[in-house]
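Each remark here refers to the structure printed beneath this line.
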Amino acid sequence: MKKLLDLITEKVTAAFTEAGYDAKYGKVTVSNRPDLCEYQCNGALAAAKEYKKAPFLIADEIAEKLSGDPAFSMAESVKPGFLNLKLTEAYLADYVAQMQADEGRFGCEKTDQPKTIIVDYGGPNVAKPLHVGHLRSAIIGESVKRIGRFMGHNMIGDVHLGDWGLQMGLIITELKERKPELVYFDGSYEGEYPTEAPFTIAELEEIYPTASGKSKENEAYKEAAMQATFELQQGRRGYQALLNHILNVSVTDLKRNYENLNVSFELWKGESDADPYIPDMVQKMKDEGYAYLSDGALVVDVKEETDAKEVPPCMILKSDGASLYNTTDLGTIVWRMQDYNPDEMIYLADKRQELHFIQVFRCARKTGLVKQETGLKFIGFGTMNGKDGKPFKTRDGGVMRLEYLVNSVNEEMLKKITENQKEKENLEIGEEEAKETARMIALAAIKYGDLSNQAVKDYVFDIDRFTSFEGNTGPYILYTIVRIKSILNKFYGSGKTADDAVIVAAHSKSEKDLMQTLAGFNAVMEQAFAETAPHKVCAFIYELANAFNSFYHETKIMAEEDETTQKSYIRLLELTKSVLETCIDVLGFAAPERM
Ligand code: ARG
């Protein structure tokens, strides 16, 4: 379906051209004075210059032409030359009814040029527990992926595990200290390695920080870890086998954590998967004269004349030949292009990694790892802070584990629900349902709290505000959906039907406002995709929930006596519910049946 604003613009444009003016003056926008009109066109003011005519005379002509159009209940010229417009209730109702008939899409067309887009998000580091920093990546990336998928694109999510580099060497070194007898450390061993890992996830999570601590104090230990990293990267069999164990144990745990967040990845690749592609890639960069030695390290220049700040060369190999974060990201681009030939790759990481991505993207383009037209986009997100404005920490100042955070929001939510139930003396929700409901609302609280902010901004994780049922929060949106569900249950429970009915012209201002807000759905989704901006979807559903609640408070739905009117209300409620549910689905959460 065409966007409502485009339909109105078409009409106004036609009026301009019929009156002999250029079509470009017919652009319509949503009114910035909703007290005066719904839409406005300022084209007459601009046209006045070109046609050397008083703007209000032009606006008068256009208003005159539009006055006969049944779409407009008002087409008014206002001095010095504004054109103020209002739609008729019937025209708007017809648009909204068409949205409803367009099941599952609600007026939002899928793209006719689907792209293959890889979204690189998550980025957890193997053997280290997920911490809140990874939360933003997971939440925003999942939503970016879902928005793209809704728009009809082939979206592929890759978790891109941090499984390469010193952390692996550290774990291997610590393991060797503890269990030197393990066969993995026997360089002459040629047999098969055991399938069972020589550690549990709990041990693994303890091994890493211990090793990391030791390496900071003990130079020889650090040397050993670097040597182990190097040997692993050179393909030492026993270490490769250990890496596989570390990966398996970690990934099982990570999957469980991501599942709790309703986040899933199509690809579980890691930095280590880039390794086989690195030698050829490096050789080619050398052969083609892009890579050169600088202080022993192999680098590629990536600065550009227009840079305001200096962009240092992209380091490809350290002087000892070891690969770096840059190298694995470049090698990853190689296999992604080979296996998926994506039109675009979108990366999510902390905004402090921006320089890294500038270097990697430029290097990839310059050395021909990607095509000129391949899109490379970095979405850098801000920090999630505690109420004190400082990065979120546990009470004793440690790194906040994601699991801990999610559990505490779950508990808070369960408390709220139980209290609510007691207040309403509505004790019908059993313990199991209460827990599951709390989990759903908690997830909405966390995700909406994050996604409603523009990604690049830092934000304060305020558990009291995020879990509130009022205001611009996830629980408020869910509450609105649940409210609609309950009205619909009452209506259908009384044996009535409405499926033969369509939405008819609004009976009140609040009903018209609700329709007008609904009509913006397709434009919002398109924009949220084009700008990779889930916060636009949040802003839309907040507006929609508000519009619905105003309508609900002013309208007697169940007591409405006129059957056509009542059925139309019900249909409008159904559309509102579907649109809200579609939106929260692309944000990555869902609503319970009741709460
Ligand atoms: N593992 C990294 C970290 O924890 C994030 C990875 C982001 N993605 C990438 N392709 N570099 O900081």
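For ligands, and for the atoms within them, numbers begin at 1 and follow the listed sequence. All figures in this text were calculated on a predicted structure; none of them were measured in a lab.
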Q: Report yes if some heavy atom in the side chain of Thr200 is under 4.5 Å from a heavy atom in the side chain of Val249; otherwise report no.
A: no

TODO: Look only at the side chain of Asp462 and the backbone of Asp464, and say whether a donor-acceptor pair between them is shorter than 3.5 Å.
DONE: yes

For Phe265 and Tyr258, I'd like to know if the aromatic rings sit close, meaning centre-to-centre distance below 6.0 Å. yes

By chain and number, the residues contacting ligand 1 below 4.0 angstrom (heavy atoms only) are Asp120, Gly123, Asn125, His134, His160, Tyr325, Asp329, Tyr347, Gln353, Phe357

The side-chain hydrogen bond (donor to acceptor under 3.5 Å, both in side chains) partners of Ser468 (sequence neighbours excluded) come to none

So salt bridge (Lys or Arg N to Asp or Glu O under 4.0 Å) across residues 270-287, not counting sequence neighbours, yields Lys284-Glu288

Residues 364-379 vs side-chain hydrogen bond (donor to acceptor under 3.5 Å, both in side chains), sequence neighbours excluded, gives Asn341-Lys371

